[in-house]
J.: 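Below you will find the structure I want to go over with you.
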Amino acid sequence: DNNVDGTISIGDGLTIQAGNTLSLDATTGGISASNLTLTSDSSSVTINDITNVAGTLNITADNDVNLAANVTTSGTTTIDADNNTGDDDGELIISAVLNTGGNNLLVTANDINIAGSINADAGTVSITDSDANSGIGLGGTPVTNGVNISGAELQAITAAGLNLTTGANGDIIVDGITAVNSTNISGTALLTANGGNISFSNVDSTFTNALSVDADDGVIASRNITSNASSVLLDGNVSIALSAGITLNANGDSLTLTAANGNITGAGTLTLNAADGVTVNNDLTTVGTLTISADTDGGDNDGLLDVNA
């Protein structure tokens with residue numbers, strides 16, 4: 001329904017599919033829809049005007065999804081900006097506000113560019129790299145042909161949880177995330193490297209709330225890692241390698257280290273701090289002084305050191 005006031009009204013549960021570029025433009029009145037699906041078979045999808053979707057929104061494109069105006073939904077929002085994976089394109093570009101009304105946002109893309117903001121409130125934002133053998137850069141070190149999220153872009157995401165997941169054999173590099181960058185993630189930031197490793201490099205990283213790290217091919221920490229108000233869990237599967245002088249801080253909860261198919265090594269002095277307990281689930285070897293404080297907040301009758309090696 002294309003009205004004289006410049007409004008586009010789209011019926012409930014409809015799919016708009018284009019063989020090439022799909023662009024929604026409503027001049028002055030905006031776009032309204034219910035449970036909407038937008039698909040470009042061989043190119044991009046662009047929303048150029050304020051859009052309100054009652055219910056779910058599903059967008060699929062081969063080469064880029066561009067949200068150039070505010071988009072508000074009241075259901076799960078799913079965006080695949082790189083449906084033809086493996087060609088190192090397919091970017092999600094958010095130039096305004098994407099608001100999911102407290103529902104989950106599921107993104108698959110070769111990269112993401114957040115000049116605006118994402119507000120999932122009580123929902124979880126999940127971002128998956130669409131291509132194999134690339135990865136995710138979180139903070140100051142970008143990954144070639146990967147999903148790169150700067151500290152400022154992370155700060156523009158408001159959600160109860162954040163899941164960042166690589167494609168097959170992808171690595172994640174975390175560099176210089178600050179508490180301010182991560183403060184709008186009220187729950188857990190979960191980093192998952194499928195077939196790859198996760199490294200913390202160059203500049204210390206601090207997360208306001210919980211951090212959970214799961215890497216098939218090891219966790220490498222050459223810089224300090226901190227959660228200011230919650231827990232830190234590092235699961236490296238085959239190894240956790242900690243450089244000399246590293247400190248791991250779980251200032252509001254527990255610290256857990258796991259390498260079920262390998263071991264945990266410290267290249268020099270190593271400090272493990274937690275408010276509510278330190279758990280070491282596999283062999284831990286250091287070549288320098290090891291300092292463990294499992295009850296840094298004291299006086300609350302918790303803070304167990306649990307060694308299961």
Side-chain angles (χ1 to χ4, degrees), residues 129 133-144 146-154 162 164-166 169-182 189-228 230-251 254-274 278-293 296:
D129 183 12
N133 303 308
S134 55
I136 297 172
L138 180 61
T141 300
V143 172
T144 301
V147 174
N148 293 300
I149 302 170
S150 69
E153 287 177 317
L154 175 61
L162 175 68
L164 301 180
T165 305
T166 70
N169 303 314
D171 300 331
I172 298 177
I173 302 174
V174 183
D175 177 7
I177 294 300
T178 69
V180 172
N181 295 154
S182 61
L190 171 62
L191 313 181
T192 303
N194 290 313
N197 65 63
I198 298 177
S199 61
F200 293 79
S201 63
N202 294 326
V203 178
D204 296 349
S205 285
T206 299
F207 291 78
T208 297
N209 293 302
L211 173 66
S212 182
V213 174
D214 186 358
D216 286 344
D217 198 33
V219 173
I220 305 162
S222 59
R223 302 300 303 182
N224 299 331
I225 304 169
T226 298
S227 166
N228 274 346
S230 192
S231 60
V232 174
L233 187 155
L234 304 183
D235 185 344
N237 186 29
V238 296
S239 65
I240 297 177
L242 306 168
S243 295
I246 288 298
T247 298
L248 305 180
N249 297 303
N251 292 333
S254 60
L255 171 65
T256 303
L257 304 180
T258 300
N261 294 300
N263 51 43
I264 305 161
T265 58
T269 59
L270 174 63
T271 302
L272 307 178
N273 295 325
V278 173
T279 299
V280 179
N281 283 321
N282 301 95
D283 292 347
L284 168 61
T285 303
T286 69
V287 295
T289 301
L290 172 63
T291 302
I292 301 177
S293 299
T296 56

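Treat the numbers as computed from the prediction; the structure is a model and nothing was measured.
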J.: If the condition is side chain to side chain donor-acceptor pair (under 3.5 Å), which residues does Asn181 pass it with, not counting sequence neighbours?
T.: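 Here the qualifying residues are Gln155, Thr178.
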J.: How far apart are the closest heavy atoms of Ile246 and Ala221, and which atoms are they?
T.: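 Result for this residue pair: CG1-O, 3.6 Å.
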J.: How long is the gap from OG on Ser199 to CD1 on Ile172, to the nearest 0.5 Å?
T.: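 The distance works out to 9.0 Å.
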J.: What heavy-atom pair brings Ala193 and Ile198 nearest, and what distance separates the two atoms?
T.: CB-CG1, 3.6 Å
J.: How far apart are the C-alpha atoms of Asp129 and Val143, what are their side-chain angles, what is the distance that settles it, and do they pass the side-chain contact (heavy atoms from CB on, under 4.5 Å) test?
T.: CA-CA 11 Å; Asp129 183 12; Val143 172; over 6 Å; no
J.: Hey, mind stepping through Val219 and Asp235 against side-chain contact (heavy atoms from CB on, under 4.5 Å) and telling me if it holds?
T.: CA-CA 7 Å; Val219 173; Asp235 185 344; over 6 Å; no
J.: Are any side-chain N or O atoms of Asn224 and backbone N or O atoms of Thr247, one a donor and one an acceptor, separated by less than 3.5 Å?
T.: yes
J.: How long is the straight-line distance from CG of Asn273 back to CG of Asn249, given to the nearest 0.5 Å?
T.: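 Those atoms lie 5.0 Å apart.
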J.: Roughly how far, to the nearest 0.5 Å, is OG1 of Thr258 from CD1 of Ile264?
T.: 6.5 Å
J.: Testing Val280, Leu233, Val232 for side-chain contact (heavy atoms from CB on, under 4.5 Å) with Thr256, which one passes?
T.: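 Considering Val280, Leu233, Val232, a side-chain contact (heavy atoms from CB on, under 4.5 Å) with Thr256 is found only for Leu233.
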J.: May I ask you to decide if Ala179's main-chain N or O and Thr208's side chain share a donor-acceptor pair within less than 3.5 Å?
T.: yes
J.: Would you say Thr226's side chain and Asn228's backbone share a donor-acceptor pair under 3.5 angstrom?
T.: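 No, because the side chain of Thr226 does not come within donor-acceptor range (under 3.5 Å) of the backbone of Asn228.
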J.: Distance-only, no hydrogens or angles: does the Asp171 side chain make a donor-acceptor pair with backbone N or O of Asn197 under 3.5 Å?
T.: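 Here the side-chain-to-backbone pair exists.
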J.: Is there a side-chain contact (heavy atoms from CB on, under 4.5 Å) between Ile173 and Ser201 once you walk through the steps?
T.: CA-CA 7 Å; Ile173 302 174; Ser201 63; 3.5 Å; yes
J.: Quick check for you: to the nearest 0.5 Å, what is the distance between Leu234 atom CG and Leu257 atom CG?
T.: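 It is 5.5 Å, given to the nearest 0.5 Å.
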J.: Shortest non-hydrogen contact from Gly176 to Ser205?
T.: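 The pair with the smallest heavy-atom distance is N-OG, 3.3 Å.
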J.: Who passes salt bridge (Lys or Arg N to Asp or Glu O under 4.0 Å) against Asp283, sequence neighbours left out?
T.: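 Salt bridge (Lys or Arg N to Asp or Glu O under 4.0 Å) list for Asp283, sorted by chain: empty.
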J.: Using the rule given for side-chain hydrogen bond (donor to acceptor under 3.5 Å, both in side chains), can you reason through Asn237 versus Asn261, listing the C-alpha separation, both sets of side-chain angles and the distance that settles it, and then say yes or no?
T.: CA-CA 5 Å; Asn237 186 29; Asn261 294 300; 2.6 Å; yes
J.: Are any non-hydrogen side-chain atoms of Phe207 and Val174 less than 4.5 angstrom apart?
T.: yes
J.: Atom CG of Leu242 and atom CD1 of Ile240: how far apart are they, to the nearest 0.5 Å?
T.: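 So the gap between those two atoms works out to 6.5 Å.
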J.: Is a donor on one side and an acceptor on the other found under 3.5 Å between the side chain of Ser231 and the backbone of Leu255?
T.: no
J.: Please examine the side chains of Thr206 and Ser182, heavy atoms only from C-beta on, and report whether any two atoms are closer than 4.5 Å.
T.: no
J.: Could you report the tightest heavy-atom contact between Val238 and Asp217, atom names first, then the distance?
T.: CG2-C, 3.6 Å
J.: I'd like to know if the side chain of Ser222 reaches the main chain of Ser243, judged simply by a donor and an acceptor atom lying under 3.5 Å from each other, with no hydrogens or angles considered.
T.: no
J.: Side-chain contact test, heavy atoms from C-beta onward, threshold under 4.5 Å: evaluate it for Leu290 versus Leu284 and give yes or no.
T.: yes
J.: Using every non-hydrogen atom in the two residues, find where Val203 and Asp175 come nearest and quote the distance to one decimal.
T.: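 Shortest heavy-atom separation between Val203 and Asp175 comes out as N-OD1, 3.3 Å.
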J.: Is the backbone of Ala244 close enough, under 3.5 Å, to the side chain of Thr269 for a donor and an acceptor to pair up by distance?
T.: no
J.: Please check: side-chain N/O of Ser227 versus main-chain N/O of Asn209, any donor-acceptor pairing under 3.5 Å?
T.: yes
J.: To the nearest 0.5 angstrom, please state how far the CG atom of Leu162 sits from the CG atom of Leu211.
T.: 10.5 Å
